Amino acid sequence: MKRCPQCNKLTDNGAKYCQRCGTEFEYDRWRMFFSETRIFLIILILSLLGLAIYNAIPLLPPDPAECSQTSLNRFERIVNDYYKETRNILRSEILFSRELSMLRAYKNEAESIPVHPCLEPAKVDLVEYLDDVYFIGLFSSWGAYQAAAERTERAGYYWDSLNANLDELEACLPNCP
């Protein structure tokens with residue numbers, strides 16, 4: 001920040017004229033280069049870049065050797081990613097075999113996640129949820145909307161059960177059975 005010599009008002013380092021009285025500031029190359037606006041924009045760009053890199057890092061699977069808060073957080077992050085991906089697929093108007101195979105692949109991936117026995121009930125609920133989501137898409141693409149509605153109810157039951165299991169685990173960590 002620099003101060004106007006005439007009216008004593010503070011202004012940005014990059015300003016060429018005082019906003020109040022219109023006095024022209026003398027040109028200082030280094031002071032103009034490090035204006036607050038440029039510093040803010042550089043910080044904003046760096047934080048967006050850091051966020052993009054953070055989201056691009058693949059998720060680590062939960063540690064099957066211990067039941068810890070870290071394992072629970074990793075599992076919750078995996079569950080939320082599956083939820084977002086399946087919801088995005090089901091939002092499309094027409095489901096082709098490619099989308100249906102992606103839904104089935106999510107279920108198969110979830111089955112192969114190694115977890116500690118304390119996370120096993122939540123994993124079972126996740127697998128059942130993803131199985132029902134696959135059948136929701138399959139029945140919807142066939143036009144069997146009654147069957148899709150029944151599977152939607154079951155998927156909601158498994159999703160609620162999954163969240164209840166995760167809440168119970170969070171309450172008893174790190175001494176869960």
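Just so it is clear, the structure is predicted and the values come from calculations on it, not from any experiment.
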Requested in this report: Go through the structure and list residues passing side-chain contact (heavy atoms from CB on, under 4.5 Å) with L41, not counting sequence neighbours.
Outcome: T37
**Report entry** By side-chain contact (heavy atoms from CB on, under 4.5 Å) - contacts of S101 (at least two apart)
**Finding:** none
**Report entry** Backbone of V127 reached by a side-chain donor or acceptor of D131 within 3.5 Å
**Finding:** no
Report task. Using the rule that two of Ile, Leu, Val, Met, Phe, Trp, Tyr join whenever any of their side-chain heavy atoms come within less than 4.5 Å, decide whether I136 and Y145 are in one cluster. Result -> no
Query raised in the report: Out of curiosity, does I113 fall in the hydrophobic cluster containing V124 (side-chain heavy atoms, cut-off under 4.5 Å, transitive links)?
Result: no
[X]: partners by side-chain hydrogen bond (donor to acceptor under 3.5 Å, both in side chains), with sequence neighbours left out:
{"X": "D125", "answer": "S161, N165"}
{"X": "N88", "answer": "R91"}
{"X": "N73", "answer": "Q69"}
{"X": "R98", "answer": "none"}

Report task. Sort and list the pairs that fulfil ring-ring contact (aromatic ring centres under 6.0 Å, His included) and have at least one residue in residues 86-108, not counting sequence neighbours. Result -> Y82-Y106
Restricting to non-hydrogen atoms, name the atom on [X] and the atom on [Y] that form the minimum distance, rounded to 0.1 Å.
{"X": "A110", "Y": "K123", "result": "O-CE, 3.3 Å"}
{"X": "Y17", "Y": "G22", "result": "CD2-O, 3.8 Å"}
{"X": "S47", "Y": "L44", "result": "OG-O, 3.0 Å"}

Requested in this report: Flag the pair S141 / L100 as yes when at least one side-chain heavy-atom distance between them is below 4.5 Å, and no otherwise.
Outcome: yes
Atom pair [atom1] ([X]) and [atom2] ([Y]), whose distance is rounded to the nearest 0.5 Å:
{"X": "E85", "Y": "L90", "atom1": "CD", "atom2": "CG", "answer": "11.5 Å"}
{"X": "K9", "Y": "C4", "atom1": "NZ", "atom2": "SG", "answer": "9.5 Å"}
{"X": "E76", "Y": "L162", "atom1": "CD", "atom2": "CG", "answer": "9.0 Å"}
{"X": "S68", "Y": "H116", "atom1": "OG", "atom2": "NE2", "answer": "9.0 Å"}
{"X": "L138", "Y": "E99", "atom1": "CG", "atom2": "CD", "answer": "13.0 Å"}
{"X": "M102", "Y": "I89", "atom1": "CE", "atom2": "CD1", "answer": "4.0 Å"}

Query raised in the report: Relative to the ring of Y129, is the ring of W159 parallel (under 30°), tilted (30 to 60°) or perpendicular (over 60°)?
Result: tilted
Report summary line: Residues passing the salt bridge (Lys or Arg N to Asp or Glu O under 4.0 Å) test with K107, sequence neighbours excluded, are E111
Query raised in the report: What salt bridge (charged side-chain N to carboxylate O under 4.0 Å, His left out) pairs are there with at least one residue in residues 138-154, not counting sequence neighbours?
Result: D132-R151, D132-R154
Report summary line: Residue pairs meeting salt bridge (charged side-chain N to carboxylate O under 4.0 Å, His left out), one or both in residues 52-62, sequence neighbours left out, come to none
Query raised in the report: Among all residues two or more places apart in sequence or in another chain, which pass the ring pair (Phe, Tyr, Trp, His ring centres under 6.0 Å) test with F135?
Result: F139
Query raised in the report: Out of I42, I43, L48, which residue meets the side-chain contact (heavy atoms from CB on, under 4.5 Å) rule with L46?
Result: I42
